[in-house]
Amino acid sequence: MSKLSLGGKASSSKLSSWVQPSFGSLLGGSGVNSFPLTKGTLAGERKSKVQPSSVDVGGKRPRKRKVESQASQSQFFSRKQGSQEDQDEPWVDVYAPQSQAELAVHKKKVEEVESWLRVHLDLKIANKGGAILLLTGPSGSGKTATVHVLAKDVDFQIQEWSNPTTSEYRMDDSFRQSFDPDSRFNSFHGSSQTGAFQEFLLRANKYNRLQMSGDSQAQSRRIILVEDFPNQFYRQPGSLHDILRRFVKTGKCPVIFIVSDSLSGDTSSRLLFPKEIQQELGIHHISFNPVAPTSMLKVLSRIAAVEASKSAGKISVPDKAALDQLCSGSSGDIRSAINSLQFSSFTDFSLEKGLWASKKGKSAASSFKAPVRAKGRSRSVKSTDVLDDSPAIGGKDASLFLFRALGKILYCKRESYEVSEVPKLPAHLAEHQRDRLLVDPELVIERSHMSGEFFNLYLHQNYLDFYLNVDDVARASEYLSDADFLTAEWTSRSTMLEYGSSVATRGLIHSNSSRAQAACQSSVGFKPLHKPHWLQINRTYRENYLSAQSLFINFCLAPISLVTELVPYLAKLSNPMRNQAQIAFIHDVGHLSLKRFPGRLKLEALGDKDPGGLDFDSENEEGTKTVEPGTSSLSGDTTAEPVLQSSQDPGGDLPASQPQPTTTEALLDDEDLLIEEYDSD
Amino acid sequence: MQAFLKGSTQSVKPQRDKAAAGSGGEKRQKAVPWVEKYRPKCVDEVAFQEEVVAVLKKSLEGADLPNLLFYGPPGTGKTSTILAAARELYGPELYRQRVLELNASDERGIQVVREKVKNFAQLTVAGTRPDGKACPPFKIIILDEADSMTSAAQAALRRTMEKESRTTRFCLICNYVSRIIEPLTSRCSKFRFKPLANDIQQERLIEICEKEIVLYILLQGIEALVKVSEGDLRKAITLLQSAARLSTEKEITESVIIEIAGVVPPKVIENLLQTCYKGTFEKLEVAVKTMIDEGYAGTQILNQLHDIIIEESLSDKQKSVITEKMAVVDKCLVDGADEYLQLLGLSSVIMQQATQNS
Amino acid sequence: MSLWVDKYRPTSLAKLDYHREQANQLRNLVQCGDFPHLLVYGPSGAGKKTRIMCLLRELYGAGVEKLRIEHQSIVAPSKKKIEINTIASNYHLEVNPSDAGNSDRVVIQELIKTVAQSQQIQSSTQREFKVVLLTEVDRLTKDAQHALRRTMEKYMSTCRLILCCNSTSKVISPIRSRCLAVRVPLPSTEEVCSVLTSVCKKEGLLLPVELAKRIAEKCGRNLRKALLMCEACRVQQYPFSAEQDIPETDWEVYLRETANAIVSQQSPQRLLEVRARLYELLTHCIPPEIIMKGLVSELLNNCDGHLKAEVAQMAAYYEHRLQLGNKAIYHLEAFVAKFMAIYKKFMEDGLDNLMF
């Protein structure tokens with residue numbers, strides 16, 4: 001661990017970093033950029049070098065890199081000559097945003113990041129210790145791009161951490177290697193990743209000065225960017241926290257962590273950066289929203305236009321409708337939108353080119369897909385039924401579909417039959433007469449990318465608002481109960497899940513008699529959707545149950561009598577023989593505070609709560625472990641805005657595709673959009 | 001309490017083979033479950049199962065023994081019969097060598113069948129006893145509670161059974177023959193054991209009572225025992241012993257028997273039914289609640305109620321509605337549903353049906 | 001200062017307040033030396049545990065009262081580590097195997113094995129067997145129950161089991177047939193009264209007969225609850241008055257209000273409120289089945305004869321589903337919704353009848 005050896009290593013690798021990046025920088029700088037950076041300093045090169053990769057998905061990066069660098073060698077001198085070469089490169093890289101104006105991210109967010117950067121870069125010397133910024137948001141919302149663009153504007157350089165893997169990649173990426181102390185730990189990768197990361201964070205800035213011969217200006221303005229986290233951290237977030245604590249004390253330059261929200265609900269940002277840690281370390285948290293359709297459309301049309309002019313007919317540029325569809329399909333993931341755009345723009349030329357392209361490896365996949373896409377699109381032009389066609393290549397779309405999927409089930413659009421073809425039910429079943437359904441519930445569930453069970457929870461949380469009649473509700477709730485009952489047996493659960501969700505969705509749709517006819521469907525109007533509370537409630541229930549048992553074990557009681565008799569009565573007694581934890585528990589659980597009681601019945605009053613309740617609610621939604629379940633269930637049920645707001649939060653389980661952060665408007669927009677789609681059916 | 005100082009450490013050990021335990025004095029006798037103590041010692045003693053006894057007797061006289069499959073409700077003497085027969089066949093010394101007994105208490109996966117059974121079956125045996133008497137040249141493998149074997153294990157048994165047929169006889173014992181796979185049943189001669197007739201049971205119980213002189217039991221008590229045990233002699237004997245343990249000084253009355261058998265006193269059931277017929281729903285609630293509070297088991301109430309309802313003077317339609325609900329309630333209880341709510345649901349059905357009539 | 005429930009718990013079979021006949025029988029059982037496995041069953045608050053502890057004391061003397069809480073961790077064959085709390089004396093071990101969830105089988109087998117195999121250290125003990133007390137046997141999985149049956153036979157020589165449960169319905173018959181079943185009914189109202197009076201006397205308090213009666217009626221014959229109520233009364237007000245309010249637990253009051261909310265209005269919005277209230281109850285650790293039962297009994301009070309039968313059916317139906325299903329709220333809510341529907345219909349019909 002001697003500093004000397006490290007320095008030696010670093011400097012030797014620095015050597016290679018002098019040589020290698022020159023390819024990359026040329027590629028990145030000029031192949032991509034219409035106006036290469038004028039600075040020409042090392043810093044500038046480095047900056048642009050990092051750029052293309054930045055927009056990639058973290059996991060895929062190394063492979064792409066490799067291809068890219070191969071490609072770059074082959075086309076080193078003939079870069080701009082033929083457009084076919086350009087096709088081999090993902091447009092995502094080619095058209096990576098170069099300025100704030102090109103960023104599809106909402107201005108306010110960019111400004112927020114920028115101001116943070118400015119503050120912390122400038123104050124760095126005065127304010128000893130590392131500042132930490134956490135960027136979260138769905139993938140493809142432009143987090144990394146923002147940082148890179150700002151790197152240019154604010155003028156700083158980025159040092160990026162990537163998980164050390166096998167040596168294979170390191171050759172391509174000597175830049176990283178220079179900061180990658182893993183080269184010394186080759187023999188024990190797995191366990192030392194954490195250690196390597198720690199060293200990276202804590203030492204990167206220390207030794208940097210030795211490696212860099214660039215001007216001091218560039219050096220003082222430097223940030224560390226972390227997108228990959230060593231796997232170990234997911235298992236033991238504590239170790240990350242320890243490192244961060246040390247970093248905050250000793251670090252010199254700001255760190256930016258970028259965490260993508262996953263859709264499946266296991267929110268790594270929550271795990272890695274829980275609220276307490278954020279507060280303790282003063283982590284600034286900026287959460288990105290999905291890219292708004294309008295700005296995405298702008299970007300897409302720009303790219304399309306450029307490509308069209310470049311390709312001179314070889315590439316068929318999608319028309320406006322197709323672009324629209326791409327936008328809506330990608331649900332705010334600009335990366336997938338651009339990818340889809342690229343794939344969809346290959347005309348049949350790509351087939352001829354297929355042979356050629358397949359040698360390149362990378363583009364093979366896209367050229368295979370191209371004809372498929374073309375077909376799909378032509379069909380979709382004919383019938384714009386949203387459910388029938390598969391909107392964008394890449395399948396990203398559907399996973400962000402939940403908000404709409406719920407809407408589809410709950411609003412259950414119907415279409416009245418032609419007079420002639422009305423199927424008549426016999427008189428005693430007349431109440432079950434329904435107009436033709438325009439949605440296919442099974443497909444909706446499938447495309448919500450969510451287990452039926454979970455989907456049912458969402459439905460359950462929200463269905464009541466859409467019903468006017470208690471009889472309908474009784475029937476609907478029975479269907480939900482049926483659905484749960486169907487999946488009760490764990491041995492058959494995997495098969496029954498599908499049926500369960502089918503029963504639930506179809507049951508809900510059918511039993512809503514107020515929406516039985518197409519004519520009377522608009523009556524409900526817009527209703528906000530919420531996230532299910534059950535999971536949290538259930539977890540709290542379990543936790544309390546267990547802690548009751550462990551806290552009061554010396555009473556030797558069966559758990560049920562413990563929680564229903566002993567604890568509630570202990571709350572009424574003044575018995576001194578308890579420890580602190582017991583007292584706290586009794587206070588929390590034993591009391592079902594009847595003081596709050598009157599307020600509880602008037603739920604409507606709470607419903608129109610102003611944003612004052614917002615923070616409170618979203619805090620609860622963040623899954624803070626504080627046991628305040630009652631209040632959360634209450635406010636969650638009644639306050640519409642906070643819940644939806646939180647759906648855009650990192651942990652939001654409801655990845656709504658509405659663009660704007662101002663909730664009500666956004667929702668209405670989205671709703672309009674929804675209806676438009678239906679109308680076009 | 002002094003009885004349990006060190007001297008008699010063995011006394012509580014359950015011993016299968018306690019033929020010798022008979023003379024151990026009173027203290028030791030107490031320790032042995034009467035079920036074991038009064039197990040039939042020879043085939044002739046087996047009560048009430050004439051066909052099997054006839055077959056076994058023949059083989060005792062030297063005829064070959066087929067593979068056997070005994071089935072029937074619990075406590076009808078299936079295990080006792082084969083054990084007694086084996087003892088008679090081999091005598092006490094050879095018994096251990098020649099008989100392998102596996103019941104559900106032993107691990108009995110497919111592995112065991114393959115190895116333990118096979119190994120045992122492969123041993124060859126001679127046709128004479130050490131004492132010179134002739135004995136059959138085969139071994140017996142008793143698979144008790146065979147219906148709890150997995151079908152894979154049963155399938156594995158099939159082959160073994162055939163291969164070792166020269167030296168080994170199998171005796172499968174089960175409650176439900178339907179749970180034994182077809183290939184196995186076809187390889188065995190099946191014998192059904194009937195539930196014991198009341199008078200035979202009563203005879204046996206009185207016999208035991210006489211031998212255990214400590215007992216004070218009324219005929220009424222014996223009758224209660226017979227009734228409660230429903231043809232299951234083992235249950236009857238076990239209950240008798242428990243009753244004797246609980247009331248050492250006093251006589252064993254009907255109520256004691258009913259109590260330890262977990263049976264709901266007929267009066268209570270009758271009361272519930274009357275409430276269903278005559279009373280209001282409020283009273284019904286109270287009645288059901290009281291039954292639960294008294295600690296009676298829901299399944300037991302259900303079973304007894306069922307027996308009575310069948311006999312009641314209701315129309316067939318009413319009965320069928322009620323019994324259908326009973327089936328549902330039974331299933332729910334098995335699934336762990338709340339007894340109070342289930343019974344309330346059931347009795348409200350009975351009430352509806354009964355009041356419809358009038 | 002401990003709770004009255006614990007403070008005045010009888011410690012020997014001779015001192016039990018009720019079911020004396022049974023206590024005598026149990027004493028006989030201990031005295032005749034041969035001690036079978038026991039299955040003690042009865043509703044909660046009937047005094048099962050008290051009787052078991054008395055029995056153990058009768059068996060081993062005062063040594064059983066020196067209890068210690070042990071935290072055991074057992075490694076299942078699947079390498080899964082199971083943590084479980086046990087309460088033990090030198091002579092017995094108490095465990096609630098259902099704490100271990102699906103691994104209860106392993107817990108039972110391992111614990112009984114350890115107890116059965118551990119040598120009795122003190123030679124002075126009078127019994128050569130130890131006792132394992134398993135509580136909540138009715139919540140064991142079927143798998144565990146079958147394993148228990150095997151284990152019971154295997155270690156019969158060194159270990160006796162006392163199984164404790166609320167109802168034998170959920171205990172498989174092979175276990176029932178291997179145990180001597182001891183039913184512990186709830187004390188009658190009069191017995192509750194007399195216990196309350198005697199406890200108060202020992203505390204040096206004067207309990208009016210009327211109040212004792214009222215408590216006894218309110219507690220639903222559950223003695224533990226009665227004593228807790230009585231103690232809460234004492235905290236609330238002393239000297240007692242015959243008419244004073246008997247404190248109820250918060251959740252019971254809350255549940256009643258919930259029932260009232262259901263009866264007073266039937267609409268989807270109200271159902272939403274009810275759901276919020278159900279969630280509230282759940283987070284306060286009230287098990288769903290208890291909520292269901294409480295709701296049913298409150299709702300039954302609020303409706304008419306014919307309706308009652310229907311409600312009882314529904315309750316049975318949904319409670320069963322609740323036991324099997326994964327998410328209790330679906331079934332609770334379905335029950336409430338159904339009740340709302342039929343209640344509303346009933347009220348409307350009634351109104352129509354009035355008008356014509």
Side-chain angles (χ1 to χ4, degrees), chain A residues 453 457 460 464-465 467-471 473-474 476-478 480-481 483-485 487-488 533-534 537-538 540-541 544-545 548-550 553-556 558-561 563-569 571-577 589-594 597 600-601 603 629-630 633-634 637, chain C residues 1-3 6 44-45 49 69 85 87 94 96 99 135-136 222 224-225 228-229 231-232 235-236 247 249-251 253-254 257 261 266-269 271-273 275-277 279-287 290 318 321 324-327 329-331 333-334 336-338 340-341 344-345:
Chain A
E453 210 176 348
L457 269 180
H460 170 253
L464 281 178
D465 277 338
Y467 286 71
L468 302 173
N469 189 330
V470 181
D471 293 315
V473 169
S477 61
E478 179 156 10
L480 282 174
S481 163
D484 185 49
F485 189 61
T487 56
H533 286 113
W534 166 253
I537 299 289
N538 197 33
T540 326
Y541 170 67
N544 283 347
Y545 205 75
Q549 270 173 275
S550 58
I553 188 170
N554 48 354
F555 284 94
C556 301
I560 288 191
S561 43
V563 292
T564 59
E565 290 164 16
L566 186 75
V567 173
Y569 273 112
K572 300 226 169 249
L573 299 176
S574 51
N575 201 314
M577 198 200 65
V589 177
H591 281 295
L592 205 76
S593 62
L594 301 168
F597 196 70
R600 221 152 260 282
L601 274 174
L603 286 168
S633 74
L634 186 88
D637 259 327
Chain C
M1 183 179 105
S2 59
L3 295 172
D6 296 320
S44 168
K49 205 61 171 296
I69 295 168
N85 286 316
I87 299 166
E94 177 185 338
N96 183 346
D99 287 353
T135 55
E136 290 199 290
N222 180 335
R224 172 169 44 236
K225 208 168 161 187
L228 285 166
M229 272 181 178
E231 200 173 345
V235 172
Q236 190 185 51
T249 53
D250 287 351
W251 69 267
V253 179
Y254 195 80
E257 305 257 357
Q266 295 85 34
S267 69
Q269 282 68 40
L271 185 58
L272 205 57
E273 293 161 32
R275 183 201 286 172
R277 299 178 66 95
Y279 278 157
E280 181 82 16
L281 281 167
L282 280 173
T283 48
H284 282 79
C285 247
I286 310 300
I290 302 280
Y318 284 110
R321 293 184 151 208
L324 288 186
N326 300 312
K327 301 187 181 58
I329 189 66
Y330 287 147
H331 311 295
E333 193 171 298
V336 174
K338 195 88 178 215
M340 281 183 169
K344 193 173 182 199
K345 188 156 180 297

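Every chain is numbered from 1 and lettered A, B, ... according to where its sequence line falls, protein lines coming before strand lines.
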Winner by heavy-atom pair count (cut-off under 4.5 Å) against chain A, out of C:S267, C:A334, C:A232, C:P268: C:P268

Side-chain donor/acceptor of C:Y330 to backbone N/O of A:L457, under 3.5 Å: yes

Bottom line for A:E453: the part with an atom under 4.5 Å from chain C's heavy atoms is both

Is there a donor-acceptor pair closer than 3.5 Å between any side-chain N or O of A:Y569 and the backbone N or O of C:P247? yes

Straight-line distance of C:T249 OG1 to A:L566 CG, nearest 0.5 Å: 12.0 Å

Does the side chain of A:E565 come under 3.5 Å of the side chain of C:N222 through a donor N or O and an acceptor N or O? yes

For C:L324, is it the side chain, the backbone, both or neither that has a heavy atom under 4.5 Å from a heavy atom of chain A? both

Approximate separation, where rounding is to 0.5 Å, of A:S481 OG and C:H331 NE2: 4.5 Å

Does any non-hydrogen side-chain atom of A:S477 lie less than 4.5 Å from one of C:L271? no

To the closest 0.5 Å, what do you measure between CD1 (C:I286) and OH (A:Y541)? 8.5 Å

What part of C:N96 is in contact with chain A, defined as an atom under 4.5 angstrom from a non-hydrogen atom: side chain, backbone, both or neither? side chain

So for C:L228, is it side chain, backbone, both, or neither that comes closer than 4.5 Å to the heavy atoms of chain A? both

Rounded to the nearest 0.5 Å, what separation is found between the CD1 atom of A:I537 and the CD1 atom of C:I329? 8.5 Å

Could you tell me the separation between the CD atom of C:E333 and the CG atom of A:L480, rounded to the nearest 0.5 Å? 7.5 Å

If I take atom CG from residue C:L282 and atom OG1 from residue A:T540, how far apart are they, to the nearest 0.5 angstrom? 9.5 Å

Assert top hit (heavy-atom pairs under 4.5 Å, partner chain A, pool C:K344, C:E136, C:K225, C:K345) equals C:E136

Examine whether an atom of C:K338 lies under 4.5 Å from a heavy atom of chain A, and if so say whether it belongs to the side chain, the backbone or both; otherwise answer neither. both

Where C:A337 and A:V470 come nearest, the two heavy atoms and their spacing: O-CG1, 4.1 Å

State, to 0.1 Å, how close A:V563 and C:C285 come at their nearest heavy-atom pair, and which atoms those are. CG2-O, 3.3 Å

Between A:D484 (side chain) and C:K327 (backbone), is there a donor-acceptor pair under 3.5 Å? yes

Any side-chain heavy atom of C:R275 sitting closer than 4.5 Å to one from A:L464? yes

Indicate the ring-plane relationship of A:W534 and C:Y279, choosing parallel, tilted or perpendicular according to the 30° and 60° boundaries. tilted

Please classify the contact of C:S44 with chain A as side chain, backbone, both or neither, using a heavy-atom distance under 4.5 Å. side chain

Check each atom of A:D471 against the heavy atoms of chain C and say whether the ones under 4.5 Å are side chain, backbone, both or neither. both

Relative to chain A, which segment of C:Q266 carries a heavy atom at a distance below 4.5 Å: side chain, backbone, both, or neither? both

